[in-house]
K.L.:
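This is the structure, below, for whatever I ask next.
Convention: sequence-line order gives letters A, B, ...; per-chain numbering from 1.
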Amino acid sequence: MIEIHDVHKSFGQLEVLKGIELTVDKGEVVTIIGGSGSGKSTLLTCINGLEPIASGRIVVDGTEVHAKSTDLNRLRRKIGIVFQQWNAFPHLTVLENVTLAPRKVLGMGKAEAEEIARTQLAHVGLGDKLATYPARLSGGQQQRMAIARALAMSPDYMLFDEVTSALDPQLVGEVLETLKMLAEEGMTMICVTHEMAFARDVSDRVAYFHKGVMAEIGVPDQIFGDPQHPETRKFLASVR
Amino acid sequence: MIEIHDVHKSFGQLEVLKGIELTVDKGEVVTIIGGSGSGKSTLLTCINGLEPIASGRIVVDGTEVHAKSTDLNRLRRKIGIVFQQWNAFPHLTVLENVTLAPRKVLGMGKAEAEEIARTQLAHVGLGDKLATYPARLSGGQQQRMAIARALAMSPDYMLFDEVTSALDPQLVGEVLETLKMLAEEGMTMICVTHEMAFARDVSDRVAYFHKGVMAEIGVPDQIFGDPQHPETRKFLASVR
Amino acid sequence: MFDTALSSADLIFLAKGAGMTIVVTAISVAIGTVLGIVFGVIRVQLGTVYAAPLTFFLDIFRSVPLLIQLVLANAFMGMVLRLQFSGLTVACMVLSLYTAAYCAEIVRGGIDAVPTTTRRAARSLGMTWGQDMRHIVLPLATRVALPSWIGLALGVMKDSALVYVVQVTELLKSTQILITRLQEPMFLLLICGVFYFVISFPLARFGGYLEKRWSND
Amino acid sequence: DKLDDIISSGTLRCAVVLDFPPMGMRDANNEPIGFDVDYCKDLAKVLGVEAEIVETPFPERIPALMSGRVDVGVASTSDTLERAKTVGFSIPYFAFEMVVTANDKSGITSFESMKGHTVGAVAGTFEGIALEKQVKAWGEGEYRPYQTQADVFLALSQGQLDATVSTSTVAMASVNSGKFDGISVVGKAPFDTDYVALFASRNEYGLINYLNLFVNQQIRSGRYAELYKKWVGGTLPSLTVPNAYR
Amino acid sequence: MFGYTFQWNQALARLPKMLDGAVVTMEVAVLSMLIGILCAILLTLLRLSGSRSLRAVATGWVEVARNTPALFQIYMAHFGIASFGIHLSPFVSLLIGITFNNAGYLAENFRGALKAIPDTQIRAGRSLGMSQTQAFRYIIVPQMLRISFLPMTNQMVWAVLMTSLGVTVGLNSDLYGVTQDLNALTFRTFELFAIAAVIFYIITKIITLSARLIAARLFRY
Ligand SMILES: Nc1ncnc2c1ncn2[C@@H]1O[C@H](COP(=O)(O)OP(=O)(O)OP(=O)(O)O)[C@@H](O)[C@H]1O
Ligand SMILES: Nc1ncnc2c1ncn2[C@@H]1O[C@H](COP(=O)(O)OP(=O)(O)OP(=O)(O)O)[C@@H](O)[C@H]1O
Ligand SMILES: [Mg+2]
Ligand SMILES: [Mg+2]
């Protein structure tokens with residue numbers, strides 16, 4: 001379970017998160033939508049401790065992320081994250097990209113790590129690209145590889161940050177399919193996305209962010225069918 | 001009038017255009033759709049003589065583009081083109097980007113060129129960005145600047161090559177608005193696009209390209225409502 | 001074309017000088033690179049403000065003619081500190097720091113060239129700072145830095161021509177000794193130039209090749 | 001003190017300039033030879049130690065001593081008062097006459113006729129410093145200092161220099177070597193006789209005393225004349241200054 | 001603590017002479033840069049030219065400049081050229097040697113800069129009706145200058161440092177030459193060269209700082 005209590009966060013003068021409250025249960029899929037700069041990405045990077053927070057608490061399975069005593073490297077093993085920019089490790093093959101962390105972080109043997117990597121890569125449809133270097137992959141394939149890489153650590157939670165928005169329209173579909181599949185398998189997920197159709201189909205709940213505040217949260221039918229907050233209405237009108 | 005007769009074009013072994021026939025009348029808006037690699041961009045660059053052709057003829061207002069005797073620099077003044085990649089000149093301000101060609105190519109005075117540039121920039125909604133450098137502009141703004149830059153040469157024809165496909169979804173709208181406005185003003189235009197809604201709204205005719213061949217051409221209602229060619233049907237199904 | 005009194009003993013003498021050039025270069029580049037990596041990583045980790053003293057110190061080696069650095073270091077070690085270092089030691093010390101100053105800059109550039117997004121991805125997989133450095137940053141930074149590093153090594157080899165001022169007889173000095181005796185300056189200098197060219201050129205080409213190869217992926 | 005140190009270390013390290021024939025140069029095997037080399041070996045012999053020749057270019061002679069890399073300088077060093085502020089000199093062990101060597105095409109026939117020409121010498125030497133002063137006094141012509149004696153004669157034979165002033169010994173050795181075309185010694189330079197001395201650290205009185213006595217003994221024993229004949233030839237120059245003590 | 005007595009006032013008394021030397025050093029450096037940039041542009045064009053032999057000449061220049069010691073190049077510029085009967089003053093020889101070196105390195109930089117500019121830029125220019133020359137002059141060259149501005153600044157610093165090699169061809173009016181002459185007179189080696197080092201340091205700092213100011217003014221994008 002991920003519990004976020006009254007989280008505040010600033011970059012210099014700019015307050016980017018203004019008291020976020022959100023609890024994500026095991027197996028739940030929460031989608032975050034909202035305008036550019038509203039703090040969606042920042043929230044995700046705070047959840048796995050890549051960014052410090054100013055005040056509030058983020059608790060993952062009972063461990064407070066930003067406590068001094070927390071071993072972040074250990075915590076991050078159970079929180080997979082995939083970013084908007086494809087950040088494949090360009091000097092490693094697809095297989096090596098996926099096995100690196102299991103081997104170095106979990107101390108797995110080569111054979112075992114490769115076994116897992118193969119499974120995950122097949123899962124995302126890259127079973128035939130094991131020996132390829134990322135530069136040879138399309139954007140969509142790179143994104144799927146990044147997903148497999150995160151999954152190979154057997155995380156309990158997955159965070160996705162606009163994983164399709166840097167992709168050509170033709171490639172978006174294949175990545176969204178992969179996410180949908182994961183959701184159906186019961187993975188706990190927080191997805192930041194601009195794909196409204198996807199948000200509606202897959203989410204248990206949808207949150208709308210506006211200028212660092214979570215303006216509204218609810219089941220997809222409510223958010224898309226009957227938005228309460230005027231900003232949500234404006235936003236949805238603009239993206240349709 | 002742009003007349004294209006039986007144009008063939010190859011890159012090395014690869015035949016990219018296989019006998020294209022197309023005539024675009026004054027004031028007409030023709031949209032080209034089609035899969036990746038079908039030769040749409042290549043056709044546009046052949047029309048303004050940036051690429052040579054293997055055989056066939058392209059005639060613009062009675063001048064044969066690929067004839068030896070043609071002064072291409074002079075011909076290009078009347079054919080504006082805007083590319084998918086934003087290619088603003090990064091070392092010049094928005095105003096300087098737009099005035100450069102009128103001054104150096106048409107030999108206009110500074111005051112006159114700026115007068116025109118201001119009008120065109122206001123037209124595309126960049127009236128307040130004159131002194132800004134392109135690096136400070138969003139992708140959509142850069143594209144609109146590129147359109148103003150082409151318009152400042154008072155071209156008789158405009159060619160647009162997927163001008164929105166490198167843009168974030170939020171920015172697509174503003175650029176398409178600009179194109180629509182131009183079309184309504186009676187500019188003769190050939191637009192390559194992936195935006196089907198746009199093609200349907202704006203075009204007089206829509207052409208579907210498939211593997212270097214113009215598989216089908218017709219009014220939007222026919223192409224979208226009742227496509228004749230099986231490939232057209234497949235393509236339209238895939239993008240919807 | 002050349003009617004020369006150059007004997008085979010002289011050629012051996014020249015080869016010894018060339019050997020000295022290579023020895024001085026190898027030692028200085030080796031020590032300088034290690035120091036440069038350490039300094040470079042420290043500079044990146046500390047940030048501009050805290051690393052300022054180190055930056056200033058290293059900057060001196062890039063802002064004062066090497067000839068003066070050598071003369072000064074020699075005078076300082078010997079006259080002021082009264083340490084009895086051989087000329088070779090002084091030459092290697094100065095050239096090592098000289099190399100380190102440039103190398104730190106190259107290392108810093110290499111590390112900066114690794115996108116933060118890639119480093120974040122590594123950290124978010126649970127890798128420690130050290131693992132990130134070892135498995136992601138260094139391999140990637142090396143690609144950016146290696147061509148410049150080869151350029152640096154070549155530069156140091158060429159600049160080692162100046163260590164004659166601290167009584168180290170390297171290639172150019174050996175050539176001058178032979179010129180004094182044989183009085184055939186053009187011929188001997190051409191041999192000397194060809195020799196420098198023969199060591200530099202293939203290495204320079206290799207650097208260019210790496211750059212081309214690695215810039216593709 | 002230093003004298004004891006040398007004796008107990010078993011080696012005497014001498015700074016010698018090896019591009020200054022016939023005082024210091026290299027043989028066909030590139031081994032050091034010359035008047036100064038022999039002189040150093042003689043000194044080592046009387047001290048009962050091995051001689052080690054450390055090659056130093058002209059400008060680096062005194063720094064080499066200061067930095068402790070050599071024990072004494074046997075390097076044809078003029079005993080100027082300016083330098084004596086830094087190092088200690090023995091009594092003179094050799095004296096140079098200065099001559100003018102000119103490129104034949106320049107038409108220079110004497111010291112005076114160098115006026116207005118491009119002339120040069122080795123940077124930082126006695127004659128170099130004196131010549132530069134003279135060119136300034138003439139107010140025309142140009143003075144160029146080169147780093148080595150070899151470069152000076154090279155520039156002279158290439159015609160880059162019209163004339164040079166150098167010690168008669170090196171001028172004769174170079175002209176007679178046959179390596180330089182079209183240059184000849186045209187006359188004396190009216191500079192003071194250049195007395196050169198051995199040098200050591202300024203405060204090593206014991207060593208300097210020893211050097212003084214050594215120079216004196218070399219003359220008395222006839223070894224000075226012997227070496228002079230071997231390396232230079234001709235009339236033996238006097239090492240004493242008329243009407244003065246030293 | 002030290003066995004050496006510093007005599008700074010002796011050395012400082014000579015500061016005016018050394019500053020005169022610094023002026024000569026700057027003259028050589030600035031001239032060699034200006035001419036070097038012109039040569040480098042020429043070399044860059046030659047290397048793009050259709051003629052095989054012109055390309056070979058340019059490439060040869062660049063490779064020799066980059067693969068042999070600067071000391072060697074300067075020595076050649078004096079004694080090497082002289083063996084063809086051309087006599088140049090030490091100042092000119094040093095200038096030629098450094099210019100040769102500058103041009104070689106800068107030409108290589110310019111080439112890299114050219115590669116870094118996407119060819120869509122030329123296309124964009126051409127499609128507005130500009131000729132090849134116009135596109136090059138108004139679009140490529142300004143961007144090229146920006147990309148190679150930092151390398152040019154570095155080269156300028158090196159040019160200053162390289163003037164210290166002028167002594168090998170008989171120059172004694174530059175900063176290093178003056179210092180060496182003073183050293184031969186007084187043998188206050190440490191003090192004199194320390195002062196020279198400080199002057200060199202200040203000169204290079206002035207260059208890098210003013211380059212930064214110029215860049216801030218010129219390149220506002
Ligand atoms: N490292 C940083 N330093 C300073 N400001 C930052 C930093 N990262 C983000 N910001 C700022 O914080 C605000 C929120 O950024 P964030 O990336 O969280 O927005 P977002 O909702 O993800 O937007 P988008 O949809 O464009 O990705 C923005 O104004 C951004 O400029
Ligand atoms: N300069 C070139 N050299 C070689 N091949 C080229 C070149 N430009 C284009 N091609 C090839 O020609 C074919 C047609 O390319 P073109 O860019 O015209 O396609 P397109 O229809 O515009 O596709 P897209 O929708 O992806 O932009 C492609 O297979 C492409 O790889
Ligand atoms: Mg974001
Ligand atoms: Mg295209």
K.L.:
Do other residues, nucleotides or ligands put more than 12 heavy atoms under 6.0 Å from D/L81 CG?
P.N.:
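At most 12 heavy atoms, drawn from other residues, nucleotides or ligands, come within 6.0 Å of this atom.
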K.L.:
Could you tell me which residues in residues 127-144 of chain D have at least one non-hydrogen atom under 4.5 Å from a non-hydrogen atom of chain E, sorted by residue number?
P.N.:
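The stretch touches chain E at D/I129, D/E132, D/E142, D/Y143, D/R144.
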K.L.:
Evaluate whether atom CZ of E/R55 has more than 12 neighbouring non-hydrogen atoms of other residues, nucleotides or ligands under 6.0 angstrom away.
P.N.:
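For E/R55, atom CZ is crowded (more than 12 foreign heavy atoms under 6.0 Å).
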K.L.:
Who wins among D/I62, D/V87, D/T86, D/T118 for the most heavy-atom pairs under 4.5 Å with chain E?
P.N.:
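If we count pairs closer than 4.5 Å to chain E, D/I62 comes out on top.
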K.L.:
Just checking heavy atoms, which of residues 102-115 of chain D are less than 4.5 Å from chain E?
P.N.:
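Hits under 4.5 Å: none found.
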K.L.:
For chain D, which residues of residues 153-178 of chain E have at least one non-hydrogen atom nearer than 4.5 Å to it?
P.N.:
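Residues in range: E/V167, E/T168, E/V169, E/G170, E/L171, E/N172.
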K.L.:
May I ask you to check whether over 12 heavy atoms, not counting those of D/K2, lie within 6.0 Å of atom NZ?
P.N.:
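For D/K2, atom NZ is crowded (more than 12 foreign heavy atoms under 6.0 Å).
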K.L.:
Heavy-atom distances under 4.5 Å only: say whether E/L182 touches chain D with side chain, backbone, both or neither.
P.N.:
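For E/L182, no heavy atom lies under 4.5 Å from chain D.
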K.L.:
Only heavy atoms, only distances under 4.5 angstrom. Which residues in residues 149-164 of chain D are near chain E?
P.N.:
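Under the 4.5 Å heavy-atom cut-off, D/D151, D/L154, D/A155, D/Q158, D/G159, D/Q160 qualify.
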